[in-house]
Amino acid sequence: MTPDEFRAHAHQLVDWMADYLAQAGNRPITSTAAPGDVRASLPAVPPETGEPFEEIFRDFEQLIVPGMTHWNHPGWFAYFPANSSPPSILAEMLTATMGAQCMSWSTSPAATELEQVTMDWLRQLSGLPDTFTGVIQDTASTATLVAIISARERVHARSGHAPLAIYASGEAHSSVAKAVRLAGLGADALRVVPVDDSYAMQPDALRAMVEADRAAGVTPACVVAAVGTTSSTAVDPLEAIGAIARDNDLWFHVDAAYAGSAALLPECRHHFAGLDQADSYVFNPHKWLLTNFDCSAYYVRDVPALLRACSISPEYLRTAHDAHVVNYRDWGIQLGRRFRALKLWFVLRSYGAEGLRAMLRRHIELAAAFRGLVAGEPGFELMAPSPFGLVCFRHHPATLNDGAALDRHNERLLGRINASRRVYLTHTTLAGRYAIRMAIGQWQTTREHVALAWDLIRGAARDDS
Ligand SMILES: *Cc1c(COP(=O)(O)O)cnc(C)c1O
């Protein structure tokens, strides 16, 4: 591709991107592709000679886009959002263009130092103490794995190689169980702490389990608490858990992958009370803070503990600056690193704290309004509290009282809602019962999109009765 061809195609793509974002809501939000359809539409062997860009782009539009799920659609109410805002997308274009591999300070000084600055900006915006130092990880799963490995190393350094125990509630994200396994602790090192009626961890049960482990010769190593669990956005009581962690020398990791963005709002700060006691904290700007995937903010108090767990310096990576600079390759699992701070910087500067807070408030208000609609509608019921942008509910006709039948009824209901392909919702189970999740947080979602979803939900319920 010549420089002139690159320029022409790039302009063409930017036009496509602008149209895509402006008209995202007009597309079917999900694909109707069956397993294998997309693959079958593509050649099984690679091209021997280069193909014209026009043909590649035509196939992108005709074969690939129809097989996509459109996360950037304003009818997105599934899982949690994964927002790609315009400033973030523009920064990603620059990142790809420069193609820097930011493993060490000297492999791009600006990448390292901009990461330090943006992580500190986010720390201030989130009300975190200045004893926390941040680093961008690819995902919350990686951050939690790093936290558990750091905890393991700290305990092993202090007390030898006794069997370890890691504690998290039954509502903790699956990345915790995965991290315990990947850290080599054995799946049975995970202790599942029971939750209360609001799906939050019961601290008294945690304390009893820690004491029982000690008595049995197992070393309690780490507790993972959540602010905003994945199923229902439950908030574990950080103050009480932090006190238990302190009394028992546990590494205290807080996973707020989705809800951490809400710490930008003073009125949501009470959910994070006790976070100042944590050893590590993760939240994902790539979920609810307008920064496209991937960008996960990981904060630690004890940086040397993180470095002891992750740093390694073979001769071929040594530089003259190592003693005076941050080499982020030592702050996580991977060696090679993308320049993720650039998009975060574009986002924080484009929206400002005010713009970010306004978006978060809008989503929380829309969720509160939706909650009111569900509560006021005969035959519907709420399934959990909604401290942030997620509402869990189900349809419960008066004539239907068998639990399993209700589950099947709601599963069919969700299928009919999503068959519209105008909105997309997903489900979970809470206390063993099927619940529909309405996660409001896509950046282009307005009151009208929520109203459309509610119409489709009620319509689907009527069709079934
Ligand atoms: C989404 C989520 C995760 C996983 O996030 P990734 O960045 O995809 O690894 C972890 N914990 C919670 C509470 C989540 O909601």
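Index from 1, following the sequence. Just so you know, ligand 1 is whichever comes first in the structure, and atom 1 is the first atom listed for that ligand.
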**OP:** I would like to know whether I148 and L182 meet side-chain contact (heavy atoms from CB on, under 4.5 Å); could you show each step before the answer?
**Re:** CA-CA 10 Å; I148 286 175; L182 291 176; over 6 Å; no

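Within 4.0 Å of ligand 1, protein heavy atoms come from F80, T139, A140, S141, H173, S175, G228, T230, D255, A257, N284, H286, K287.
Using a 4.0 Å cut-off between a side-chain N of Lys or Arg and a carboxylate O of Asp or Glu, R207 and D204 do not qualify as a salt bridge. Between R338 and E92, at least one side-chain N (NZ, or NE/NH1/NH2) sits under 4.0 Å from a carboxylate O, which counts as a salt bridge. Ion pair D294/R340 flagged as a salt bridge, since at least one NZ, NE, NH1 or NH2 atom sits closer than 4.0 Å to an Asp/Glu carboxylate oxygen.
Exactly one of R394, R433, R371 qualifies for a salt bridge (Lys or Arg N to Asp or Glu O under 4.0 Å) with E381. That residue is R394.
The environment of CZ in R269 is crowded: more than 12 heavy-atom neighbours from other residues, nucleotides or ligands sit within 6.0 Å.
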